[in-house]
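Have a look at the structure below, then the notes.
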2 protein chains.
Amino acid sequence: MPSPLPSRTRGPKPTKVDPDHLLDAAQAVFAEEGLRAASLRAIARRAGCDPALIYYHFASKEALFLALLNRRFPALLRDMARLAEPTDLRPTPLRLWDVLLIYHRYFKDDPGIRALIRGEIVRGAEGLGHLIEDQIRPMVGSIRQIFEQGIARGEVRPEVQPLMATFFLAKMQLEILDVLPAVLPLLTELPPEGAVLTGMRAWLEILWRGVALDASSPLPTLPSPLV
Amino acid sequence: MPSPLPSRTRGPKPTKVDPDHLLDAAQAVFAEEGLRAASLRAIARRAGCDPALIYYHFASKEALFLALLNRRFPALLRDMARLAEPTDLRPTPLRLWDVLLIYHRYFKDDPGIRALIRGEIVRGAEGLGHLIEDQIRPMVGSIRQIFEQGIARGEVRPEVQPLMATFFLAKMQLEILDVLPAVLPLLTELPPEGAVLTGMRAWLEILWRGVALDASSPLPTLPSPLV
DNA sequence: ACCAATATTCAACACCTGTTGAATTGGACC
DNA sequence: GGTCCAATTCAACAGGTGTTGAATATTGGT
């Protein structure tokens, strides 16, 4: 009778699949497939385990994604908050450049999170609503402070609305990371390699001239990101 | 015997469901649900017909979406091309404002198309690749010409890279249309009503100061969009 | 040596997706 | 009045999705 046929594959593996390994796999798949299209089966395949195991460690697909966020955002928020401290007396354009560099560091290889803080927040994604409260609002607050301090220090035009400027700065940086490398080769003969850095420099150059009190003041030299 | 029970519901309806009506429904659903999430069954429900009927008029879901694009883009491209004619001697900031207004006119109520020319081009969407060639490239070309003419006329700084400036101008306008009304109320107490127009004005103000040869020259008054 | 807790898989559920082939009806033409 | 074509629906297919309950193997403690 082959009816029960006790398969020998169940039970704990010799090397356990800890939740962090699952998060790694999830991050990779979310990055490649996008947020909605990433399936639990694909994540499990990547992690080398059964889809059901994910439910042993996480309550749902959404909880898995939230855990992913909670692994990344705290460090990002800390960096951003440090940058916004009023004791930082460097020129405002340099501080804004640092904002772009932080985005670059944390989001460059993670389209999944980019997609989230980009648009998937807006529609759908009901359970992620408080993410805005908890994570994005402090981030926005930090950047906004830099602009406000810039106004107070007489470097930024007082007519500039700090919140709008923050929106522009941050949103465009996401677009530069996201689509510029993909779109530039289609429109020009330029190779995609330097696209991101070229775009970032061109962007800060225009934005800074746009918000500076003295538009003719030269930009300080902008250091490249550490790779 | 209720076995055959010839239902009286088949055959042509008294009022035919012409393809244009299907396109209307498709546009509405694509707009509400986004590109990937919009299902043919939802579109059919909206149009008041059976999903299979869609396949009578269109070869596939992708063909349906392409037909939707072909219904919109030609007029948009015509408007954009007219705007870029070198005989238009109005101040460059006014012409750039018109670019924003055209985007506003054609994309304001159509998140489906926005999502497409935004990011879904990049990954997935294999069959839509030539859309970039056919539709987006001429659009980019027109805006780029405006910047180039601005440089030639001594209104725009010659160091500005026209292609980058085009990318910034157009991309940000999409973001303003897309997420600003949804995100602004979450971050501030401002109501979402005027968000788009406020954002557009703030954006052009900063961008123009950023690219103008004479950053202290005042912006001309920007007319509101005709609703 | 036993027992309990932990970690893992299997098999299934209910649902949704794009798509298709056959059946059916109404109207137009001859 | 019969015939053909265009328009529409029905029912199903094959595959994918998130999720769950039960079964099972390993490990650690006593």
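Everything numeric in this text was worked out from a predicted model, so none of it was measured. Just so it is clear: chains get the letters A, B, ... in the order the sequence lines come, proteins before strands, and each one is counted from 1.
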For B/Val183 and A/Ile136, what are the C-alpha separation, side-chain angles and deciding distance, and is it a side-chain contact (heavy atoms from CB on, under 4.5 Å)?
CA-CA 11 Å; B/Val183 130; A/Ile136 295 195; over 6 Å; no
Do A/Leu207 and B/Phe168 pass the side-chain contact (heavy atoms from CB on, under 4.5 Å) test, and can you show the C-alpha distance, the side-chain angles, and the key distance before you say yes or no?
CA-CA 10 Å; A/Leu207 178 80; B/Phe168 296 150; over 6 Å; no
Evaluate B/Asp24 against B/Arg71 for salt bridge (Lys or Arg N to Asp or Glu O under 4.0 Å), listing each step before the verdict.
CA-CA 10 Å; B/Asp24 290 341; B/Arg71 202 172 63 155; 3.1 Å; yes
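One interatomic measurement links the two molecules: NE2 of B/His57 to P of D/dA7, which rounds to 6 Å at whole-angstrom precision. Rounded to an integer number of Å, the gap from A/Asp18 CG to C/dT8 C1' is 14 Å. Atom CD of A/Glu33 and atom P of D/dT17 are 9 Å apart (whole Å). As a whole-Å value, the separation of B/Leu53 CG from C/dG26 C1' is 15 Å. Taking atom CD on A/Glu62 and atom C1' on D/dT17, their separation rounds to 16 Å, with Å as the unit. Atom OH of B/Tyr55 is separated from atom P of C/dG18 by 7 Å (rounded to the nearest Å). Put simply, CG on B/Leu64 is 14 Å from C1' on C/dT19, counting in whole angstrom units. Atom CD1 of B/Ile54 is separated from atom C1' of D/dT9 by 13 Å (rounded to the nearest Å).
Taking side-chain N and O atoms only, A/Tyr56 has a distance below 4.0 Å to OP1 or OP2 of C/dA7.
For the pair B/Ala52 and A/Ala59, nearest-nucleotide mapping onto DNA chain D gives the more 5' position to B/Ala52.
Between B/Val99 and B/Gln173, the closest side-chain pair of non-hydrogen atoms is not below 4.5 Å.
Checked against ring pair (Phe, Tyr, Trp, His ring centres under 6.0 Å), B/Tyr106 has no partners two or more places apart in sequence or in another chain.
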I'd like a list of close polar pairs between nucleotides 15-17 of chain C and the protein, N/O only, cut-off under 3.5 Å.
residue, atom, partner, partner atom, Å
C/dT17, OP1, B/Ser39, OG, 3.3

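Below 30°, between 30° and 60°, or above 60°: for B/Phe65 and B/Phe30 the angle between ring planes is above 60°, a perpendicular geometry.
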